[in-house]
Amino acid sequence: MLPIDDKVLSEHQSSFAFDQTVDRLSEAIIKAGMQLFAVIDHAANAGAAGLEMPPSTVLIYGKAEGGTMIMLASPASALDLPLRVLVRQDADGRTIMAFHPVAPMLETYGIPASVAARLKPAQDLLCKAITR
(Lines give C-alpha, C1' and ligand atoms only; values in the text may rest on other atoms or scores of the structure.)
Protein backbone atom coordinates (compact mmCIF):
# COMPACT_ATOMS: atom_id res chain seq x y z
CA MET A 1 0.00 0.00 0.00
CA LEU A 2 1.25 3.42 -0.90
CA PRO A 3 1.29 6.05 1.82
CA ILE A 4 -1.45 8.62 1.40
CA ASP A 5 -0.29 12.20 1.61
CA ASP A 6 -3.01 14.48 2.95
CA LYS A 7 -2.18 16.88 0.12
CA VAL A 8 -3.13 14.19 -2.39
CA LEU A 9 -6.04 12.48 -0.68
CA SER A 10 -8.15 13.48 2.29
CA GLU A 11 -10.02 10.60 3.96
CA HIS A 12 -12.65 10.89 6.69
CA GLN A 13 -14.61 8.21 8.51
CA SER A 14 -18.34 8.81 8.40
CA SER A 15 -20.49 8.66 11.51
CA PHE A 16 -23.20 7.09 9.36
CA ALA A 17 -23.79 3.88 7.40
CA PHE A 18 -22.82 3.77 3.73
CA ASP A 19 -26.23 4.51 2.15
CA GLN A 20 -27.01 7.19 4.70
CA THR A 21 -23.62 8.82 4.04
CA VAL A 22 -24.27 8.94 0.29
CA ASP A 23 -27.72 10.43 0.95
CA ARG A 24 -26.40 13.01 3.42
CA LEU A 25 -23.67 14.12 1.03
CA SER A 26 -26.10 14.35 -1.89
CA GLU A 27 -28.50 16.42 0.19
CA ALA A 28 -25.72 18.71 1.47
CA ILE A 29 -24.49 19.34 -2.07
CA ILE A 30 -27.96 20.21 -3.36
CA LYS A 31 -28.90 22.26 -0.28
CA ALA A 32 -25.72 24.33 -0.76
CA GLY A 33 -26.94 25.30 -4.24
CA MET A 34 -24.54 23.09 -6.15
CA GLN A 35 -25.46 20.65 -8.85
CA LEU A 36 -25.05 16.90 -8.41
CA PHE A 37 -23.91 16.04 -11.94
CA ALA A 38 -23.51 12.29 -11.54
CA VAL A 39 -23.64 9.41 -9.10
CA ILE A 40 -21.41 6.50 -10.09
CA ASP A 41 -22.08 3.25 -8.23
CA HIS A 42 -18.89 1.26 -8.79
CA ALA A 43 -20.15 -1.76 -6.82
CA ALA A 44 -23.31 -1.99 -8.95
CA ASN A 45 -21.25 -1.66 -12.13
CA ALA A 46 -18.91 -4.40 -10.89
CA GLY A 47 -21.90 -6.60 -10.13
CA ALA A 48 -23.23 -6.09 -13.65
CA ALA A 49 -19.89 -7.40 -14.92
CA GLY A 50 -20.11 -10.46 -12.66
CA LEU A 51 -17.59 -9.08 -10.16
CA GLU A 52 -17.89 -8.17 -6.51
CA MET A 53 -16.59 -5.20 -4.63
CA PRO A 54 -17.57 -3.43 -1.41
CA PRO A 55 -19.97 -0.50 -1.67
CA SER A 56 -18.20 2.32 -3.52
CA THR A 57 -19.89 5.41 -4.98
CA VAL A 58 -18.51 8.59 -6.52
CA LEU A 59 -20.52 11.82 -6.49
CA ILE A 60 -19.56 14.45 -9.07
CA TYR A 61 -20.71 17.92 -8.08
CA GLY A 62 -20.07 21.61 -8.42
CA LYS A 63 -21.32 25.00 -9.41
CA ALA A 64 -20.51 26.87 -12.61
CA GLU A 65 -19.85 30.07 -10.67
CA GLY A 66 -16.98 28.38 -8.85
CA GLY A 67 -15.35 26.22 -11.46
CA THR A 68 -15.73 28.09 -14.73
CA MET A 69 -13.24 30.87 -13.94
CA ILE A 70 -10.69 28.25 -12.94
CA MET A 71 -11.21 26.28 -16.15
CA LEU A 72 -10.93 29.50 -18.17
CA ALA A 73 -7.63 30.31 -16.45
CA SER A 74 -6.34 26.77 -16.99
CA PRO A 75 -8.38 24.68 -19.43
CA ALA A 76 -6.63 21.44 -18.41
CA SER A 77 -8.11 21.83 -14.91
CA ALA A 78 -11.37 20.57 -16.44
CA LEU A 79 -9.85 17.10 -16.01
CA ASP A 80 -10.42 17.48 -12.26
CA LEU A 81 -13.50 19.68 -12.28
CA PRO A 82 -16.27 19.45 -11.33
CA LEU A 83 -15.31 18.20 -7.90
CA ARG A 84 -15.85 14.61 -6.85
CA VAL A 85 -16.10 12.68 -3.63
CA LEU A 86 -15.75 8.95 -3.07
CA VAL A 87 -17.79 7.08 -0.48
CA ARG A 88 -16.59 3.55 0.16
CA GLN A 89 -16.89 0.81 2.72
CA ASP A 90 -13.58 -0.55 4.00
CA ALA A 91 -12.73 -4.13 4.97
CA ASP A 92 -13.87 -3.46 8.56
CA GLY A 93 -17.28 -2.19 7.43
CA ARG A 94 -16.51 1.46 8.14
CA THR A 95 -17.79 4.09 5.73
CA ILE A 96 -14.99 6.29 4.41
CA MET A 97 -15.33 9.52 2.46
CA ALA A 98 -12.37 10.66 0.36
CA PHE A 99 -11.55 13.54 -1.95
CA HIS A 100 -8.56 15.32 -3.44
CA PRO A 101 -8.07 18.57 -1.48
CA VAL A 102 -8.87 21.31 -3.95
CA ALA A 103 -5.91 23.70 -3.45
CA PRO A 104 -3.08 21.16 -3.98
CA MET A 105 -5.04 19.52 -6.80
CA LEU A 106 -5.48 22.78 -8.71
CA GLU A 107 -1.95 23.94 -7.93
CA THR A 108 -0.75 21.37 -10.48
CA TYR A 109 -2.55 23.47 -13.11
CA GLY A 110 -0.93 26.70 -11.98
CA ILE A 111 -4.02 27.95 -10.15
CA PRO A 112 -2.95 30.07 -7.15
CA ALA A 113 -3.95 28.63 -3.78
CA SER A 114 -5.91 31.82 -3.02
CA VAL A 115 -8.15 31.20 -6.06
CA ALA A 116 -8.49 27.45 -5.47
CA ALA A 117 -9.39 28.13 -1.84
CA ARG A 118 -12.70 29.56 -3.07
CA LEU A 119 -13.80 25.97 -3.74
CA LYS A 120 -12.71 24.67 -0.32
CA PRO A 121 -16.07 25.42 1.36
CA ALA A 122 -17.63 22.91 -1.05
CA GLN A 123 -15.40 20.22 0.48
CA ASP A 124 -15.78 21.47 4.04
CA LEU A 125 -19.55 21.02 3.87
CA LEU A 126 -18.99 17.34 3.02
CA CYS A 127 -17.02 16.84 6.22
CA LYS A 128 -19.80 18.43 8.23
CA ALA A 129 -22.43 16.25 6.56
CA ILE A 130 -20.81 13.01 7.76
CA THR A 131 -20.28 14.07 11.37
CA ARG A 132 -22.87 13.68 14.12
Side-chain angles (χ1 to χ4, degrees):
M1 178 185 283
L2 295 173
I4 297 174
D5 180 340
D6 66 354
K7 291 183 180 179
V8 176
L9 184 67
S10 181
E11 288 194 314
H12 307 268
Q13 184 173 336
S14 177
S15 299
F16 304 93
F18 180 85
D19 288 335
Q20 191 176 11
T21 298
V22 172
D23 290 345
R24 290 178 66 85
L25 292 173
S26 299
E27 290 169 11
I29 288 165
I30 293 166
K31 186 176 180 181
M34 293 181 280
Q35 185 171 351
L36 184 58
F37 294 107
V39 177
I40 302 167
D41 186 336
H42 289 302
N45 291 331
L51 304 168
E52 289 185 31
M53 73 179 292
S56 178
T57 297
V58 173
L59 305 176
I60 300 175
Y61 69 99
K63 192 170 186 178
E65 291 89 338
T68 303
M69 68 175 206
I70 291 170
M71 290 183 280
L72 289 171
S74 176
S77 67
L79 285 169
D80 287 307
L81 294 173
L83 296 172
R84 57 209 62 170
V85 60
L86 166 67
V87 181
R88 66 180 179 84
Q89 194 172 67
D90 71 8
D92 295 324
R94 294 176 297 203
T95 300
I96 306 297
M97 176 189 74
F99 54 80
H100 296 287
V102 70
M105 175 183 68
L106 293 176
E107 183 179 2
T108 63
Y109 299 106
I111 302 298
S114 61
V115 174
R118 295 178 190 161
L119 300 183
K120 189 175 181 308
Q123 293 181 323
D124 292 343
L125 76 91
L126 301 178
C127 296
K128 292 177 186 170
I130 64 165
T131 305
R132 288 194 196 266

Connected hydrophobic set around L72, excluding itself, where side chains approach under 4.5 Å: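 Hydrophobic cluster check, L72: no partners found.
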What residues join L51 in its hydrophobic cluster, counting side-chain heavy atom gaps under 4.5 Å, either direct or through other members? none
Is it the case that the side chain of H100 and the backbone of V8 share a donor-acceptor pair, with hydrogens and angles ignored and the cut-off at 3.5 Å? yes
Roughly how far, to the nearest 0.5 Å, is [atom2] of [Y] from [atom1] of [X]?
X	Y	atom1	atom2	value
L36	L59	CG	CG	5.5 Å
I96	Q89	CD1	CD	9.5 Å
Q35	I29	CD	CD1	11.0 Å

State plainly whether one hydrophobic cluster holds both [X] and [Y], where clusters connect Ile, Leu, Val, Met, Phe, Trp and Tyr through side-chain heavy atoms under 4.5 angstrom apart.
X	Y	result
L86	Y61	no
M97	F37	no
M69	M105	yes
V58	L25	no
L126	V39	yes

With sequence neighbours excluded, tell me which residues meet side-chain hydrogen bond (donor to acceptor under 3.5 Å, both in side chains) with K63. none
I70/L119 under side-chain contact (heavy atoms from CB on, under 4.5 Å): CA gap, chis, key distance, verdict: CA-CA 10 Å; I70 291 170; L119 300 183; 3.5 Å; yes
Shortest non-hydrogen separation from [X] to [Y] and the atoms involved:
X	Y	answer
A129	A28	CB-CB, 3.9 Å
V102	A116	CG1-O, 3.6 Å
S77	L106	CB-CD2, 4.1 Å
L83	A122	CD1-CB, 4.0 Å
S15	R132	O-NH2, 3.1 Å
I130	S14	CB-OG, 3.6 Å

Please list all pairs meeting salt bridge (Lys or Arg N to Asp or Glu O under 4.0 Å) that have one or both residues in residues 82-102, counting only residues at least two apart or in different chains. E11-R88, D90-R94, D92-R94
Applying ring-ring contact (aromatic ring centres under 6.0 Å, His included), can you list everything that pairs with H12, at least two apart in sequence or on another chain? F99
Taking only residues two or more places apart in sequence or in another chain, which ones pass side-chain contact (heavy atoms from CB on, under 4.5 Å) with R24? F16, Q20
Would you say that L125 contacts K31 through its side chain, given a criterion of any heavy-atom pair below 4.5 Å between the two side chains? no
